Amino acid sequence: MEPIVIIGSGLAGYTLARELRKLDKTTPLVIITADDGRAYSKPMLSNALAQGKSADQIASALAPAVAAQLNAEVLTHSRVEQIDPAARTVRVAQRVIAYSKLVLALGADPVRPQLAGDAADQVLSVNDLLDYARFREQIANGKRVTILGGGLIGCEFANDLSGAGHHVDVVHPALYPLDRLLPEAAAQDLQRGLAGVGVVWHLGHTAVAVNRAATGYVVTLDDGKVLETDVVLSAIGLRPRTQLAQAAGLQVARGIVVNRGLATSQSDVFALGDCAEVNGHVLPYVLPLMAQARALAANLSGTPTQVVYPAMPVMVKTPACPVAVATVAGEVAGSWQVDCSDDGVCALYQDGNEILHGFALTGKQAGQRQALARQLPALMP
Ligand SMILES: Cc1cc2nc3c(=O)[nH]c(=O)nc-3n(C[C@H](O)[C@H](O)[C@H](O)COP(=O)(O)OP(=O)(O)OC[C@H]3O[C@@H](n4cnc5c(N)ncnc54)[C@H](O)[C@@H]3O)c2cc1C
């Protein structure tokens with residue numbers, strides 16, 4: 001019998017494999033990964049510096065241990081170059097591997113900023129353990145870090161780096177951080193909280209060039225201002241990895257298109273995690289991929305199951321100003337009711353009948369996220 005093949009050993013690939021093994025202990029399972037196959041929790045990458053954690057300390061298990069736990073073969077440092085859905089095979093270097101069912105858990109690529117300058121290629125991004133190890137090496141050489149992007153990941157790194165004793169500049173094109181997720185009052189509270197731990201904001205601007213300097217680099221902004229720095233970290237967004245699927249003729253939109261059973265447009269090929277667009281939703285977070293993994297494991301072991309999304313608030317890991325946010329599902333006519341107090345900001349998105357559809361909470365107010373989440377409609381019932 002041909003194995004179930006999972007491409008990707010991130011949280012999506014390994015969580016699916018664990019869920020599958022709860023239901024089916026024996027079907028041959030092969031996990032193919034371009035990286036070293038260590039198991040780790042990616043969210044830790046943006047709050048591990050202040051705790052002084054190395055990449056090895058973040059990893060919870062090496063690939064051989066994971067393989068043994070999962071009764072699976074884990075092929076590390078193996079990049080899949082081609083999928084042939086008609087022949088039901090994948091190609092890795094010179095090897096062709098047949099599958100009975102194929103799962104794409106390919107993750108997302110960091111968006112590269114468009115920059116001029118002789119050091120544009122020195123800009124780092126941190127999207128996996130190996131990136132984190134390189135980043136730690138670089139920041140050991142200097143105290144000044146410039147972060148491009150004040151979204152969720154940029155804000156988390158800003159807090160973590162300042163907590164680890166670095167000087168942090170953040171360049172962000174909007175007039176307040178996390179502008180895609182938060183109403184202005186909540187975003188400004190976060191901005192103040194991070195400024196309070198030393199983060200210097202450059203809002204309403206983008207970086208246009210990075211050049212080498214006598215020590216470190218010089219980042220030039222669109223208004224001509226220059227920032228001297230030792231390391232430049234880009235956190236301007238992630239794009240689902242769709243190329244492999246597209247080349248194999250699978251339907252692709254923002255992500256690899258799958259239905260609520262996590263099936264792609266090709267039979268016996270599935271996708272989940274950051275690479276997948278599930279019934280129109282691209283949600284690059286842990287809770288959605290766990291719901292996907294449970295549903296897909298049931299499907300792979302013969303019980304037709306559709307993924308259900310409850311309301312899934314996201315906690316932004318910025319201890320200087322904790323933030324909890326639940327985005328509004330789809331287009332809902334309504335408005336923000338914003339209450340600011342010494343305990344932080346409580347912003348509730350309500351429709352005309354005062355039904356709650358989303359929220360943004362900062363500071364101590366973030367403590368009510370679970371109670372409020374219970375009042376929200378499910379994202380995908
Ligand atoms: C810094 C940071 C902090 C975060 N914090 C949070 C948080 O607090 N809460 C939250 O909910 N979410 C958070 N997220 C998002 C969350 O971590 C991701 O949604 C999740 O880890 C994605 O898992 P994944 O398995 O889909 O992708 P990945 O972890 O990217 O795994 C993709 C895998 O596919 C492999 N691969 C890709 N292409 C190939 C190929 N061609 N051949 C073989 N293998 C291939 C890669 O090697 C890798 O093993 C954070 C993300 C980042 C970057």
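Both ligands and their constituent atoms are indexed starting at 1 by order of listing. This one's a predicted model, so the numbers in the text were calculated from it and none came from an experiment.
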Next item on the list: Provide the number and element of each atom of ligand 1 under 4.0 Å from a heavy atom of Asn127.
Entry: 53 (C)
Item checked: Selection from Cys275, Pro288, Ala34 by shortest heavy-atom distance to atom 45 (C) of ligand 1 -> Ala34
Check: Between Glu137 and Arg134, is there a salt bridge with N-O shorter than 4.0 Å?
Finding: no
Margin query: Can you report which non-hydrogen protein atom sits closest to atom 39 (C) of ligand 1, along with the distance?
Written below: Leu106 CD2, 3.8 Å
Check: Within less than 4.0 angstrom of ligand 1, does Ser78 place any heavy atom?
Finding: yes
Check: Of all the atoms in ligand 1, which lie at a distance below 4.0 Å from a heavy atom belonging to Gly273?
Finding: 26 (O)
Next item on the list: Evaluate the side-chain proximity of Phe270 to Leu16: yes if any heavy-atom separation is below 4.5 Å, no if none is.
Entry: no
Note to self: Would the distance check show the side chain of Lys317 and the main-chain N or O of Pro43 forming a donor-acceptor pair, the cut-off being under 3.5 Å?
What the structure shows: yes
Margin query: Is the contact between Leu152 and ligand 1 made by the side chain, the backbone, both, or neither, using heavy atoms and a 4.0 Å cut-off?
Written below: neither
Item checked: N/O separation below 3.5 Å, Val286 to ligand 1 -> yes
Next item on the list: Just need the protein heavy atom nearest to atom 4 (C) of ligand 1, so name the residue and atom and give the distance.
Entry: Pro43 CA, 3.6 Å
Note to self: We want to know whether Ser46 and Glu156 form a side-chain donor-acceptor pair, criterion being a heavy-atom distance below 3.5 angstrom.
What the structure shows: yes
Next item on the list: Output the list of atoms in ligand 1 that are nearer than 4.0 Å to some heavy atom of Ile7, sorted by atom number.
Entry: 42 (N), 43 (C), 44 (N)
Checklist line | Candidates Leu148, Val208, Asp121 - the one meeting side chain to side chain contact (heavy atoms under 4.5 Å, CB included) with Leu115 | finding: Leu148
Check: So, Glu19 and Arg294, do they make that salt bridge, N to O below 4.0 Å?
Finding: no
Next item on the list: Considering only non-hydrogen protein atoms, determine which one is nearest to atom 19 (O) of ligand 1 and report residue, atom name and distance to 0.1 Å.
Entry: Asp274 OD1, 2.7 Å
Check: Looking only at side chains, do Asp169 and His167 share a donor and an acceptor under 3.5 Å apart?
Finding: yes
Item checked: Between Ser301 and Asp24, a side-chain donor and acceptor under 3.5 Å -> no
Note to self: Looking only at distances, can you tell me whether any N or O atom of Tyr40, backbone or side chain, sits closer than 3.5 Å to an N or O atom of ligand 1?
What the structure shows: no
Check: In the protein, what heavy atom is nearest to atom 23 (O) of ligand 1, and what distance, to one decimal place, separates them?
Finding: Leu289 CD2, 3.7 Å
Notebook entry, point to check: Where does Ile153 meet ligand 1, judged by heavy-atom distances below 4.0 Å: at the side chain, the backbone, both, or neither?
Noted result: side chain
Check: Nearest protein heavy atom to atom 25 (O) of ligand 1, by residue and atom, and its distance?
Finding: Ala12 N, 2.9 Å
Next item on the list: Would you mind reporting whether Val258 and Leu272 have side-chain heavy atoms less than 4.5 Å apart?
Entry: no
Notebook entry, point to check: So, do Leu75 and Arg95 sit near enough that their side-chain heavy atoms are less than 4.5 Å apart?
Noted result: yes
Margin query: Suppose we measure from atom 8 (O) of ligand 1 to each protein heavy atom; which comes out shortest, and what is that distance?
Written below: Lys317 NZ, 2.5 Å
Notebook entry, point to check: Under 4.0 Å from ligand 1, counting heavy atoms only, is it the side chain of Val80, its backbone, both or neither?
Noted result: both
Notebook entry, point to check: Using a distance-only test with no angle check, is there a side-chain donor-acceptor pair under 3.5 angstrom linking Ser54 and Asp56?
Noted result: no
Next item on the list: Examine the side chains of Gln292 and Tyr309 and answer whether a donor and an acceptor come within less than 3.5 Å of each other.
Entry: yes
Checklist line | Taking atom 35 (C) of ligand 1 as the reference point, the nearest protein heavy atom with its distance | finding: Gly8 CA, 3.7 Å
Note to self: To check your reading of the model: name the closest protein heavy atom to atom 30 (O) of ligand 1, its residue, and the distance in Å.
What the structure shows: Lys42 NZ, 3.0 Å
Margin query: Counting only heavy atoms closer than 4.0 Å, does ligand 1 sit against the backbone of Glu81, its side chain, both, or neither?
Written below: neither
Checklist line | N/O separation below 3.5 Å, Met315 to ligand 1 | finding: no
Notebook entry, point to check: Would you say ligand 1 has an N or O under 3.5 Å from any N or O of Thr33?
Noted result: yes
Item checked: Whether Val314 lies under 4.0 Å from ligand 1, heavy atom -> no
Next item on the list: Please examine the side chains of Leu194 and Val168, heavy atoms only from C-beta on, and report whether any two atoms are closer than 4.5 Å.
Entry: no
Note to self: I'd like the name of whichever of Gly10, Ser46, Ala105 reaches closest to atom 34 (O) of ligand 1 through any heavy atom.
What the structure shows: Ala105
Check: Among Leu11, Asp35, Ile31, Asn47, whose heavy atom sits nearest atom 46 (C) of ligand 1?
Finding: Asp35
Next item on the list: Using only heavy-atom distances, determine whether the side chains of Asn211 and Thr220 contain a donor-acceptor pair under 3.5 Å.
Entry: no
